[in-house]
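Report on one structure; see the data block that follows.
Every heavy atom of this structure was used, including side-chain atoms; hydrogens, water molecules and symmetry mates were not. Order of the sequence lines sets the chain letters (A, B, ...), proteins ahead of strands, with each chain counted from 1. None of the values given here were measured: they were computed from a predicted structure.
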Amino acid sequence: MSRNALGLWTMGVLSLVLVFGVPAIVETFALIDFTLFIAMAILSLSLAFVWGFGGILCFGQSAFFGLGAYTYAVAVINMGESTVPILLGILLPVILALVLGYFMFYGRVSDVYLAVITLAVSLVFYYLIGASAGEEYKIGSARLGGYNGMPSVPPINVPGNPSAAVEYEALYVPAAVLLAVVYFGLRALLASDFGRVLVSIRENEARTELLGYDARRIKTVALAIGAGIAGLSGVLFCAWGAYVSPTVFSLVFTAQIIMWILVGGLGTLTGAILGCVLIQYLATWLGETKIADVNIVLGAIFVAIVLLVPSGFVPMFARLGDTLMRRRGEAGS
Amino acid sequence: MDLAVVVVIQILYAVASLALISIGLAIIFGMMGVINFAHGEFLMMGGYAFILSYNAGVNFWIAMLVVAPVTIAVIGVVVERLIIRHLYGRVIETVLATWGLSLFLIGLAATVLGYHQKGVNPPFGTIRIGAYQEGGYTFFVIFVTLALMAALYVGFKYTRWGLIARGTMQNAQMASGIGVNVDRVYATTFGIGAALSGLAGAILAPIAGVLPEIGVTYVVKAFITVIGGGAVALAGTGAASSLFGAVSQAVTFLSRPVVGEVALLVVAIVLLRLLPLGITGRYFRRGL
């Protein structure tokens with residue numbers, strides 16, 4: 001079996017365990033924590049796709065995430081039913097990404113300059129929503145609440161039935177299913193023509209364009225797909241905690257997402273999930289046990305990874321695995 | 001009339017403080033192509049170095065103009081030797097590594113130095129302008145920034161060291177070929193950039209105070225100004241901070257400070273769309 005097929009089967013089995021096995025053995029309280037990790041893993045996947053495969057260093061992934069969360073909160077408070085708000089929470093970030101992508105890629109903005117634009121966009125949200133503290137800042141019946149955020153956002157409900165709320169531990173299974181859908185969806189996308197062209201743009205934009213592909217359009221679409229996934233993650237996050245505040249747009253939050261990808265390894269989807277869960281778990285654990293300051297530990301890990309394991313852990317272990325397999329093969333023959 | 005004078009002074013101050021917080025980052029970016037995301041923490045540490053030594057009895061001006069920049073220069077050289085030099089030529093990796101460093105330094109400052117430092121009041125009192133008052137320190141900040149820019153211009157343009165530094169910036173291999181110790185030039189440049197950041201942090205400390213997280217507010221503005229300015233350090237920073245500072249302060253007058261912040265970001269976004277390599281990507285390319 002090829003490594004790709006092996007990996008696919010492994011992930012298939014793992015996601016079945018995640019959806020059906022974990023709820024059966026884990027306590028309710030831990031299950032609620034896991035749901036948050038899953039929402040964050042979806043966010044991590046979105047940047048892993050945009051950055052790792054599209055080569056677009058987006059420092060504004062939190063803008064799409066936060067926009068998704070806020071859209072859901074505002075819409076669900078006004079509508080009382082969650083189906084349309086969820087869709088809006090995905091749609092609005094996609095529209096933002098299309099506009100932004102048109103603005104950036106068609107202007108040939110790249111690299112660090114692109115990072116600055118996306119960062120600036122998320123900070124615009126941060127300041128604007130932060131300044132919305134007064135009574136007069138509301139959309140419909142939803143008050144934006146400035147830096148205090150929006151409390152008591154209604155949970156997701158069974159489509160068409162607002163009284164059947166899917167909250168607390170019940171949110172786990174839908175979230176886990178969504179993670180699996182996003183993961184396998186992205187793998188399928190990357191195996192398609194679109195995915196191959198996207199990766200070839202990452203490798204060499206000029207050559208890909210000379211072959212007749214419109215890199216600007218493809219990058220815009222890729223950014224929009226990533227934005228939709230980030231928006232979905234934002235919706236889950238907001239529904240999970242029944243709360244959203246402008247910190248989702250802050251620089252610190254953006255740094256976190258980038259760190260997950262870096263730990264797991266740029267250019268792998270599995271790594272993005274693992275990196276996210278590892279770092280989230282570590283941060284929670286450090287926060288609870290107070291063994292060391294969270295920033296010191298995470299910062300040191302961040303630096304160490306860039307210097308020592310620049311490819312991230314998953315590619316490193318994959319290479320190690322390959323080497324071992326080859327050795328064994330040679331020994332056997 | 002008095003109001004007009006105050007508005008002009010405030011705009012000058014906004015431009016000067018933006019240039020002040022950016023210049024250290026700009027030198028490092030322009031000369032070495034390295035984005036130092038721990039820049040905000042260099043400012044933060046500069047502020048701490050100033051306040052701690054002042055509270056320990058060091059003379060105000062010595063603490064601000066000597067202790068802070070020298071301390072941060074030493075830290076900067078250590079950082080360059082330990083981290084940055086392994087990553088030359090890889091902009092994104094340096095951004096990420098220094099971002100990690102910034103988290104580390106925030107955590108360290110929070111643990112070791114803490115949140116409760118005695119503040120320092122800005123000297124010089126206030127100056128009356130008709131019906132308005134303006135802090136004398138405002139003028140000091142404007143003056144120091146101008147003096148720094150002038151000194152850097154002279155240093156890069158007319159000294160032997162400046163010549164070597166500019167040569168290394170233009171073509172490191174060629175400079176190395178004719179006997180320049182490129183390694184040392186980089187370390188020195190990084191040290192100078194760090195010293196400028198430390199100095200800026202110390203100068204702004206009486207106004208802004210010091211907190212472990214204060215760097216985050218600085219770094220974003222500095223980062224945007226430097227990238228908006230482009231690769232030519234002095235001219236770029238000057239042009240970008242003039243544009244951004246003036247727009248943001250003017251908008252602040254017309255509405256609220258938060259709208260001014262947003263205006264700065266929006267101008268930066270539009271600017272980079274029109275000039276994808278920053279202002280000096282098209283204008284003042286032969287400047288310094």
Show the numbers, then the answer: is there a side-chain contact (heavy atoms from CB on, under 4.5 Å) between A:Y113 and B:L275?
-> CA-CA 10 Å; A:Y113 300 94; B:L275 306 171; over 6 Å; no

With a 4.5 angstrom heavy-atom cut-off, could you sort out which part of B:L82 is near chain A: side chain, backbone, both or neither?
->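 Answer is backbone: N, CA, C or O of B:L82 sit under 4.5 Å from chain A.
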
Part of B:L87 lying under 4.5 Å from any heavy atom of chain A =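 The side chain, not the backbone.
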
Between atom [atom1] of [X] and atom [atom2] of [Y], what is the distance when rounded to the nearest 0.5 Å?
{"X": "B:L96", "Y": "A:I261", "atom1": "CG", "atom2": "CD1", "result": "11.0 Å"}
{"X": "B:L103", "Y": "A:M259", "atom1": "CG", "atom2": "CE", "result": "7.0 Å"}
{"X": "B:E93", "Y": "A:I305", "atom1": "CD", "atom2": "CD1", "result": "13.0 Å"}

With respect to chain A, which residue among B:T111, B:L105, B:I35 yields the maximal number of heavy-atom pairs within a distance under 4.5 Å?
->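 With the most close heavy-atom pairs to chain A, the winner is B:T111.
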
Any idea which of B:T98, B:L274, B:I106, B:L108 has the most non-hydrogen atom pairs under 4.5 angstrom with chain A?
->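 Result: the option with the highest number of such pairs is B:L108.
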
Of all the heavy-atom pairs spanning [X] and [Y], show the shortest one and how long it is.
{"X": "A:V116", "Y": "B:L272", "value": "CG1-CD1, 3.7 Å"}
{"X": "B:I269", "Y": "A:A120", "value": "CG1-CB, 3.7 Å"}
{"X": "A:L307", "Y": "B:I83", "value": "CD2-O, 3.8 Å"}

Which of parallel (below 30°), tilted (30 to 60°) and perpendicular (above 60°) describes A:F59 and B:F37?
->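 Geometry flag for B:F37 against A:F59: perpendicular rings.
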
Could you have a look at A:V306, A:I296, A:D293, A:L119 and say which one has the most heavy-atom pairs with chain B under 4.5 angstrom?
->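 Most heavy-atom pairs under 4.5 Å with chain B: A:I296.
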
Could you tell me which of A:A304, A:A300, A:A255 has the largest number of non-hydrogen atom pairs under 4.5 Å with chain B?
->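 Of A:A304, A:A300, A:A255, A:A255 has the most heavy-atom pairs under 4.5 Å with chain B.
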
Crowded around [X] [atom1]? As in, over 12 foreign heavy atoms under 6.0 Å?
{"X": "A:Y147", "atom1": "OH", "answer": "yes"}
{"X": "A:R108", "atom1": "CZ", "answer": "yes"}
{"X": "A:Y102", "atom1": "OH", "answer": "no"}
{"X": "A:R207", "atom1": "CZ", "answer": "no"}
{"X": "A:Y213", "atom1": "OH", "answer": "no"}

Walk me through it: do B:F104 and A:N295 pass the test side-chain contact (heavy atoms from CB on, under 4.5 Å)?
-> CA-CA 5 Å; B:F104 179 80; A:N295 279 326; over 6 Å; no

Donor-acceptor under 3.5 Å (B:R273 side chain, A:M104 main chain) |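 Flag not set: sc B:R273 to bb A:M104 has no pair under 3.5 Å.
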
Chain B contact via A:L123 - side chain, backbone, both or neither, heavy atoms under 4.5 Å =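 Its backbone and side chain both get close to chain B.
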
Residue A:V121 versus chain B: region with a heavy atom under 4.5 Å |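 Both backbone and side chain.
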
Among residues 210-228 of chain B, which ones touch chain A with a heavy-atom distance under 4.5 Å?
->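 Listed by number: B:V216, B:V219, B:V220, B:F223, B:I224, B:I227.
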
Which atom pairs, donor and acceptor, lie under 3.5 Å between side-chain atoms of residues 246-266 of chain B and protein residues at least two apart or in another chain?
| from | atom 1 | to | atom 2 | distance (Å) |
| --- | --- | --- | --- | --- |
| B:T252 | OG1 | B:S248 | O | 2.6 |
| B:S255 | OG | B:V251 | O | 3.2 |
| B:R256 | NH2 | A:Y137 | OH | 3.3 |

